[in-house]
Amino acid sequence: QVQLVESGGGLVQPGGSLRLSCAASRNIFSIATMGWYRQAPGKQRELVATITRGRVTNYEDSVEGRFTISTDNAKNTVYLQMNSLEPDDTAVYYCNAHLLQIQIGGLPRDYWGQGTQVTVSS
């Protein structure tokens, strides 16, 4: 089992920055792809960024060059540094852990945090 808790959301003006944190209950970064997703009102949840084994990263096109995903193994924490924020970035942001191996006994392979609200507005 893995528990994920997000924090760091808030209200920020366009062009501002926020840093989101996702604390995992144990260090699973070597056996999982960590990701940030977001969901705006009336829209589908979309992938924002992923990081696998603290090295390989992938970004949605609209955030490429503005957002950075990273991990701190000692703190069991994954971060999303968000710069040059735009109103379209407004959403609830969710942390996700996707285990790289199928679990036996029907255990979950994906784990989600509760979400943290990010609002970008002047």
Side-chain angles (χ1 to χ4, degrees):
Q1 277 285 347
V2 180
Q3 297 179 44
L4 305 172
V5 180
E6 303 100 328
S7 62
L11 175 64
V12 64
Q13 293 184 338
S17 298
L18 284 174
R19 191 188 199 193
L20 306 183
S21 298
C22 172
S25 57
R26 59 188 180 94
N27 190 349
I28 45 84
F29 299 157
S30 65
I31 59 171
T33 293
M34 304 301 300
W36 286 97
Y37 291 71
R38 66 186 181 187
Q39 186 167 21
K43 297 184 178 180
Q44 299 181 49
R45 184 174 298 187
E46 66 175 356
L47 178 66
V48 177
T50 61
I51 184 167
T52 300
R53 294 174 179 170
R55 285 170 39 84
V56 181
T57 59
N58 186 60
Y59 297 93
E60 195 273 330
D61 288 344
S62 68
V63 308
E64 182 77 46
R66 300 189 297 121
F67 292 9
T68 302
I69 188 171
S70 63
T71 57
D72 186 331
N73 290 344
K75 296 182 179 180
N76 297 336
T77 301
V78 59
Y79 303 97
L80 184 67
Q81 178 67 48
M82 305 185 295
N83 299 324
S84 301
L85 284 163
E86 305 168 354
D88 285 348
D89 295 319
T90 296
V92 177
Y93 284 70
Y94 298 91
C95 182
N96 167 259
H98 178 74
L99 301 182
L100 299 174
Q101 298 290 335
I102 298 175
Q103 301 297 100
I104 62 174
L107 294 175
R109 192 175 182 183
D110 282 278
Y111 298 86
W112 295 88
Q114 82 287 351
T116 184
Q117 177 71 50
V118 172
T119 302
V120 184
S121 176
S122 59

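Computed from heavy atoms alone, side chains included, the values below leave out hydrogens, waters and symmetry copies. Being a predicted model, the structure only gives us computed values, none of them experimental.
Annotation for Ile102: atom CD1 does not count as buried by contact number, only 12 or fewer foreign heavy atoms lying within 6.0 Å.
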### Task
Kindly determine whether Leu11 and Gln117 satisfy side-chain contact (heavy atoms from CB on, under 4.5 Å), including the steps that lead there.
CA-CA 8 Å; Leu11 175 64; Gln117 177 71 50; over 6 Å; no
### Message
Please evaluate residues His98 and Arg109 with respect to the criterion side-chain contact (heavy atoms from CB on, under 4.5 Å), reporting the C-alpha separation (whole Å), side-chain torsions for both, the decisive distance (0.1 Å), and the verdict.
### Response
CA-CA 6 Å; His98 178 74; Arg109 192 175 182 183; 3.8 Å; yes
### Task
Determine, step by step, whether Asp89 and Met82 satisfy the side-chain contact (heavy atoms from CB on, under 4.5 Å) criterion, reporting the C-alpha distance in whole Å, the side-chain angles of both residues, the deciding distance to 0.1 Å, and the verdict.
CA-CA 9 Å; Asp89 295 319; Met82 305 185 295; 6.0 Å; no
### Message
Using the rule given for side-chain contact (heavy atoms from CB on, under 4.5 Å), can you reason through Tyr111 versus Leu99, listing the C-alpha separation, both sets of side-chain angles and the distance that settles it, and then say yes or no?
### Response
CA-CA 9 Å; Tyr111 298 86; Leu99 301 182; 4.0 Å; yes
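Annotation: the span from Tyr93 atom OH to Leu80 atom CG amounts to 7.0 Å, rounded to 0.5 Å. Taking OG1 of Thr50 as the reference point, atom CG of Asn96 lies at 9.5 Å (rounded to 0.5 Å). The OG atom of Ser17 sits 6.0 Å away from the CG atom of Leu85 when rounded to the nearest 0.5 Å.
Of all the heavy atoms in Leu4 and Ala24, the pair that sits closest is CD2-CB, 3.8 Å. The minimum heavy-atom distance linking Gly8 with Leu18 is given by the pair O-CD2, 3.9 Å. Across Ile51 and Arg55, no two heavy atoms sit closer than the pair CG1-N, 3.9 Å. Here the shortest heavy-atom pairing between Glu6 and Cys95 reads OE2-N, 2.7 Å. Minimum heavy-atom separation, Ser62 to Arg38: OG-NH2, 3.5 Å. Val63 and Val48 make their closest contact through CG2-O, 3.7 Å (heavy atoms, listed as atom of the first residue, atom of the second, distance).
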If you look only at distance, which donor and acceptor atoms sit under 3.5 Å apart when one is on a side chain in residues 26-35 and the other is two or more places apart or in another chain?
| unit_1 | atom_1 | unit_2 | atom_2 | d |
| --- | --- | --- | --- | --- |
| Arg26 | NE | Gln1 | O | 3.2 |
| Asn27 | OD1 | Phe29 | N | 3.2 |
| Thr33 | OG1 | Thr52 | OG1 | 2.8 |

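Sorted by first then second residue, the ring-ring contact (aromatic ring centres under 6.0 Å, His included) pairs that include residues 51-81, not counting sequence neighbours, number zero.
Following chains of ILVMFWY side-chain contacts shorter than 4.5 Å, one cannot reach Val120 starting from Val92, and the two form parts of different hydrophobic clusters. No continuous path of hydrophobic side-chain contacts links Tyr94 to Ile69 [ILVMFWY only; heavy atoms under 4.5 Å].
By the ring-ring contact (aromatic ring centres under 6.0 Å, His included) test, Tyr37 pairs with Trp112, sequence neighbours left out.
With hydrogens and angles ignored, the 3.5 Å screen pairs no side-chain donor or acceptor of Gln39 with any backbone N or O of Ala91.
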